Amino acid sequence: VYVDKNSTNPQPPYSSWETAAKNHRDAFAYLGEGMTMIISDGSYIGKSGTTYTLPRNSTVRSLNGPGTVMITNNGNNNGHVFSLANYGATIEGLDMLSGHTEGGTFDMTAKATVTNCVIRDISSSWKPFLVSAGTVVDCVFKNCAFGSSTDGLLITATGSAIIDRCRFVNNKKVATTDTIRGVVYVCDGGTVRNSIFLGNTLPACSAIYVGANGHAENCTVVKNASGVTKGTYGDAAAVYAADATASIVNVLAVANVDSTGFGVINTAAASGAESCFTTCRAVDSIDDVGVAFADPANGDYTLKAKSDCVD
């Protein structure tokens with residue numbers, strides 16, 4: 001199924017570029033199980049009140065990769081542009097923006113995949129991204145501002161969900177209430193790994209909140225800031241272990257600012273939580289002798305091979 005906003009001869013079932021749909025709204029009616037929708041460059045707006053559910057083993061992707069296609073939901077009541085509730089569904093190479101005051105751009109309840117996408121500039125009062133299965137990989141979440149949530153600011157990952165090789169940059173909570181569990185909240189089997197958290201600001205825990213049976217592995221947490229009062233769900237400018245069954249391995253926290261006085265890496269809420277941390281390190285400066293970033297002057301905080309927490 002093909003989509004091109006400049007199509008001059010849209011004809012169902014939109015099976016070629018010559019007959020491409022002018023928008024993804026029309027094309028979704030013809031996206032069946034195992035099929036792929038390819039979207040050409042441009043901005044596309046969904047129908048108000050409609051979430052587009054990907055069929056089993058189907059893919060929605062851009063023609064030319066992230067930065068070329070923007071999908072907005074235009075006031076969807078539940079805030080989601082896409083639903084990945086079917087096994088094998090994939091979203092690839094899209095920029096996504098929620099146009100509603102309540103929510104993110106996708107929810108994922110099946111073993112599906114969101115890959116190589118940019119989720120940005122969302123200003124919302126509620127409902128972050130809920131991922132209870134599947135994988136979010138090689139995605140960027142940036143410049144988002146949520147007003148209220150009792151879970152993760154951007155992602156709550158549970159079950160078999162994996163958040164891998166993602167970047168979370170300059171996100172914040174605009175309300176002063178402290179009922180928040182980090183930018184990413186992992187629990188009940190959820191995992192965040194190989195990801196970078198940079199410049200996020202929350203009233204309490206500002207980056208990774210690891211609950212019971214949650215996992216954080218090989219993450220770099222740089223220049224995040226927590227607020228000025230102790231949060232309902234715990235405080236730390238970088239990483240918070242909320243339960244003795246949490247697992248936090250090889251996490252490097254650099255130049256984070258903790259205004260709460262409860263620690264850059266905090267285990268205070270859970271008896272025995274100190275044992276949750278393995279080969280982790282917190283330092284005050286990006287110039288620390290043990291830290292080697294690829295190109296911090298230009299915002300690349302990927303660790304070089306010989307940095308601490310690499311080998």
Side-chain angles (χ1 to χ4, degrees), residues 1-124 129 131 134-144 165-167:
V1 180
Y2 295 85
V3 178
D4 182 353
K5 66 179 300 181
N6 298 312
S7 177
T8 58
N9 184 37
Q11 296 292 329
Y14 313 117
S15 57
S16 69
W17 286 119
E18 290 73 22
T19 60
K22 292 181 70 69
N23 57 70
H24 67 291
R25 304 190 302 271
D26 296 336
F28 253 91
Y30 298 91
L31 182 68
E33 183 174 327
M35 296 177 66
T36 297
M37 180 188 298
I38 304 175
I39 305 177
S40 187
D41 298 1
S43 296
Y44 299 85
I45 300 176
K47 183 180 179 181
S48 181
T50 300
T51 293
Y52 299 92
T53 300
L54 278 70
R56 185 179 176 90
N57 293 319
S58 68
T59 297
V60 174
R61 68 174 179 86
S62 63
L63 176 63
N64 294 309
T68 62
V69 173
M70 168 62 76
I71 306 289
T72 307
N73 70 354
N74 192 31
N76 190 342
N77 289 334
N78 69 9
H80 297 124
V81 179
F82 297 114
S83 174
L84 293 97
N86 292 310
Y87 181 90
T90 299
I91 297 174
E92 180 179 353
L94 302 180
D95 284 27
M96 292 184 279
L97 171 66
S98 173
H100 193 259
T101 59
E102 294 191 359
T105 58
F106 65 85
D107 67 339
M108 186 186 299
T109 58
K111 288 188 176 180
T113 302
V114 176
T115 180
N116 204 27
C117 291
V118 178
I119 295 88
R120 61 179 176 86
D121 301 315
I122 298 173
S123 181
S124 174
F129 307 91
V131 183
T135 302
V136 180
V137 60
D138 293 325
C139 292
V140 177
F141 296 78
K142 64 179 182 179
N143 302 329
C144 297
R165 301 198 306 266
C166 291
R167 287 183 291 150

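Values reported hereafter were calculated over all heavy atoms of this structure, with side chains retained and with hydrogens, waters and symmetry mates removed. It should be emphasised that the depicted structure is a prediction, and the values quoted were computed from it without experimental measurement.
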- request: For residues Val3 and Ala27, report the shortest heavy-atom separation together with the two atoms involved.
  value: CG2-CB, 3.5 Å

query: In this structure, are over 12 heavy atoms from other groups packed under 6.0 Å from Arg25 atom CZ?
result: yes

field: Nearest heavy-atom neighbours spanning Ala20 and Tyr14
entry: C-CD2, 3.8 Å

task: Decide if atom NZ of Lys111 counts as having more than 12 heavy atoms of other residues, nucleotides or ligands within a radius under 6.0 Å.
output: no

- request: Nearest 0.5 Å please: distance from the OG1 atom of Thr90 over to the CE atom of Met37.
  value: 13.5 Å

Mutual orientation of the aromatic rings belonging to Phe28 and Tyr52 [parallel < 30°, tilted 30-60°, perpendicular > 60°]: tilted

- prompt: Would you say the side chain of Val60 lies within less than 4.5 Å of the side chain of His24, judging by non-hydrogen atoms?
  reply: no

- line: Nearest heavy-atom approach of Ser7 to Ala21 is CB-O, 4.3 Å

message: Is it the case that the side chain of Asn57 and the backbone of Glu33 share a donor-acceptor pair, with hydrogens and angles ignored and the cut-off at 3.5 Å?
response: no

message: Nearest 0.5 angstrom please: Thr59 OG1 to Leu31 CG, how far?
response: 8.5 Å

Main-chain N/O of Ser83 paired to Thr51 side chain as donor or acceptor, under 3.5 Å: no

field: SG-CG distance between Cys117 and Leu94, expressed to the nearest 0.5 angstrom
entry: 5.0 Å

- request: Answer whether the closest heavy-atom distance between the side chains of Asp26 and Pro10 falls below 4.5 Å.
  value: no

Thr68 side chain near Leu63 side chain, heavy-atom distance below 4.5 Å: no

- request: Identify the two heavy atoms, one from Ala89 and one from Ala112, that lie closest to each other, and give their separation to 0.1 Å.
  value: O-CB, 3.1 Å

message: Please check this pair: side chain of Lys22 against backbone of Lys5, looking for a donor-acceptor N/O pair closer than 3.5 Å.
response: yes

task: Indicate the atoms forming the closest heavy-atom contact of Ser62 with Gly93, along with that distance.
output: OG-O, 2.6 Å

message: Just so I know, are the side chains of Tyr44 and Val69 near enough to count as touching, which here means a heavy-atom distance under 4.5 Å?
response: yes

- prompt: Do Trp17 and Ser40 come close enough that some side-chain heavy atom pair is under 4.5 Å?
  reply: yes

query: Atom CD1 in Ile38, atom CD in Glu92: separation rounded to 0.5 Å?
result: 10.0 Å

task: Measure the shortest side-chain to side-chain distance between Met35 and Pro55 over non-hydrogen atoms and say whether it is less than 4.5 angstrom.
output: no

field: Distance, nearest 0.5 Å, that separates CG of Asn9 from CG of Asp4
entry: 12.0 Å

Spatial distance of atom CZ (Arg120) from atom CE (Met96) [nearest 0.5 Å]: 11.5 Å

Check: Asn86 side chain, Leu54 main-chain N or O, donor-acceptor pair, under 3.5 Å: yes

task: Evaluate the side-chain proximity of Lys142 to Val118: yes if any heavy-atom separation is below 4.5 Å, no if none is.
output: yes

